[in-house]
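Note sheet for the following structure.
Everything numeric in this text was worked out from a predicted model, so none of it was measured.
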Amino acid sequence: MNIHTIPQIKHTKSGNFFLLAGPCAIEGEEMAMRIAEKLIGITDKLEIPFVFKGSFKKANRSRIDSFSGIGDEKALKILEKVSKTFGVPTVTDIHTNEDAEMAAQYVDVLQIPAFLVRQTDLVVAAANTGKVVNLKKGQFMSPESMKHAVQKVLDCNNQNVMVTDRGTMFGYQDMIVDFRGIPTMQQYATTVLDVTHSLQQPNQTAGVTGGRPDMIETIAKAGIAVGVDGIFIETHFDPANAKSDGANMLHLDYFENLMTKLVAIRKTVNQF
């Protein structure tokens, strides 16, 4: 996939990695616009191709009382407003076949969650919208097995597909990133590294996922060093009080510093 096919994406000739970033979930219009404005300022300054990310609902929660969303259409309209206000593409994850058609009316990229990437009907429904499809690698899957998920999209006559590594289960309550998987998956499709989800610590006894945000810079630097095409990072101006995945999100105040370092690494890598 050529990232030029993503509507409204900018800075594609900069030689930089591209970025999918934003809050885990859309909690409201003010927070989404605030985060988007900050990220756009940073990515324009550093010439990073940028896609704003936000989940319109969270269907795969540990507990029934966990936050799942503010309403499907309400959240999707906020994503649409972000896109129209700032002139940037948007991505959201879907969980059912019906979600694909609905979300495709509002966003540019449809993301298949890692837990659901083997669900053929869901992948096909996303592909048939004609939108760019981002396939998250299952925590339980090898990099090699992702070629079959990619092929499902291609078989629907949709060439606009990318894959995202989000770590592999290590025991019951930890994740690891096997960087050997990045060049492997690049044989099949444009490849992204989901830095923040790779640092989750799932299956905690409290029913709330933990994380290692202190390792975000380490994993992100390594991903750029091995040549990943894109980076995925969830961020929030108040992670401690975020309604989803606060334990592994990057504080928005630290975002520009990290991106500056990653751009410098990418510039060095491009020399070889």
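There is no path of hydrophobic side-chain contacts, each under 4.5 Å, that joins Ile112 to Leu20. Met1 and Val109 end up in the same hydrophobic cluster when Ile, Leu, Val, Met, Phe, Trp and Tyr side chains are linked at under 4.5 Å. Side-chain heavy atoms closer than 4.5 Å link hydrophobic residues (I, L, V, M, F, W, Y) into clusters, and following such links, possibly through other members, connects Phe140 to Leu193. Placement of Ile70 and Phe237 within a single hydrophobic cluster is found when ILVMFWY residues are connected by side-chain heavy-atom separations under 4.5 Å, directly or transitively. A continuous path of Ile, Leu, Val, Met, Phe, Trp and Tyr side chains, each step under 4.5 Å between heavy atoms, connects Ile182 with Met215, placing both in one hydrophobic cluster.
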Taking distance alone, no hydrogens or angles, what donor-acceptor pairs closer than 3.5 Å link side-chain atoms of residues 71-81 to residues at least two apart or in another chain?
from  : atom 1 : to     : atom 2 : distance (Å)
Glu73 : OE2    : Tyr106 : OH     : 3.3
Lys81 : NZ     : Glu29  : OE2    : 2.5

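For the residue pair Asn2/His4, the side-chain donor-acceptor check at 3.5 Å is satisfied. A donor atom on one side chain and an acceptor atom on the other are found under 3.5 Å apart for Gln8 and Ser83. No donor-acceptor contact under 3.5 angstrom links the side chains of Asn241 and His236, judged on distance only. A donor-acceptor contact closer than 3.5 angstrom is absent between the side chains of Asp229 and Thr190. If you check the side chains of Thr90 and Lys53, you find no donor sitting under 3.5 Å from an acceptor.
When every heavy atom of Gln111 is checked against every heavy atom of Pro113, the shortest pair comes out as O-CD, 3.5 Å. Taking both residues in full, the closest heavy atoms of Ser198 and Val177 are given as CB-CG2, 3.4 Å, listed atom of the first, atom of the second, then distance. Closest approach of Gln173 and Met169 over heavy atoms only: N-CE, 4.5 Å. Here the shortest heavy-atom pairing between Cys156 and Asn128 reads CB-OD1, 3.6 Å. Contact detail for Ala21 and Phe255: the closest heavy-atom pair is CB-CZ, 3.8 Å. Nearest heavy atoms, Pro213 versus Ala247: CD-O, 3.0 Å.
With rounding to the nearest 0.5 Å, the separation of CD1 in Ile42 from CG in Leu19 is 9.5 Å. With rounding to the nearest 0.5 angstrom, the NZ atom of Lys267 is 13.0 Å from the CG atom of Leu262. Thr43 OG1 to Phe18 CZ: the interatomic distance, rounded to the nearest 0.5 Å, is 13.5 Å. Here the straight-line distance linking atom CG of Asp108 with atom CZ of Phe52 works out to 12.5 Å at 0.5 Å rounding.
Listed by chain and number, the residues in a side chain to side chain donor-acceptor pair (under 3.5 Å) with Thr5 are Asn160 (sequence neighbours excluded). In this structure, the side chain to side chain donor-acceptor pair (under 3.5 Å) partners of Thr168, at least two apart in sequence or on a different chain, are Lys137. The salt bridge (charged side-chain N to carboxylate O under 4.0 Å, His left out) test applied to Asp214 returns Arg212, not counting sequence neighbours. With sequence neighbours left out, Asn270 forms a side chain to side chain donor-acceptor pair (under 3.5 Å) with Arg266. Every residue was checked against the salt bridge (charged side-chain N to carboxylate O under 4.0 Å, His left out) condition with Asp165, not counting sequence neighbours, and none meets it.
A salt bridge between Glu256 and Lys45 is present, with a side-chain N of the basic residue lying under 4.0 Å from a carboxylate O of the acidic one. Under the 4.0 Å criterion applied to side-chain N and carboxylate O atoms, Lys136 and Asp194 are assigned as salt-bridge partners. Ionic pairing of Asp99 and Lys57 is present here: one or more N-O contacts between side-chain nitrogen and carboxylate oxygen are shorter than 4.0 angstrom.
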| request: Could you go through the side-chain contact (heavy atoms from CB on, under 4.5 Å) check for Leu250 and Glu234 one step at a time? | output: CA-CA 6 Å; Leu250 178 67; Glu234 289 186 340; over 6 Å; no

| task | Might you work through the side-chain contact (heavy atoms from CB on, under 4.5 Å) test for Phe50 and Lys10, ending with a clear yes or no? | result | CA-CA 7 Å; Phe50 172 59; Lys10 303 182 180 84; over 6 Å; no

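Although no hydrogens or angles enter the test, the distance criterion places a donor-acceptor pair under 3.5 Å between the side chain of Thr191 and the main chain of Ala189. In this structure, the side chain of Asn97 does not engage the main chain of Ala125 through any donor-acceptor pair within 3.5 Å. Proximity of a side-chain donor or acceptor of Thr92 to a complementary backbone N or O of Gly54 within less than 3.5 Å is detected. Listed for the Asn16 side chain is a donor-acceptor partner under 3.5 Å among the backbone atoms of Glu47.
Under a cut-off of 6.0 angstrom, the local environment of CD in Gln186 is crowded, with over 12 non-hydrogen atoms contributed by other residues, nucleotides or ligands. With a 6.0 Å radius and a threshold of 12 heavy atoms from other residues, nucleotides or ligands, Gln187 has its CD atom above the threshold.
Of the options Val107, Val132, Ile9, Ile3, a side-chain contact (heavy atoms from CB on, under 4.5 Å) to Pro89 is made by Ile9 and by none of the others. When the options Thr96, Leu122, Ile94 are evaluated for a side-chain contact (heavy atoms from CB on, under 4.5 Å) with Leu116, the one that passes is Leu122.
Taking 4.5 Å as the limit, every side-chain heavy atom of Thr164 sits out of range of all side-chain heavy atoms of Leu135.
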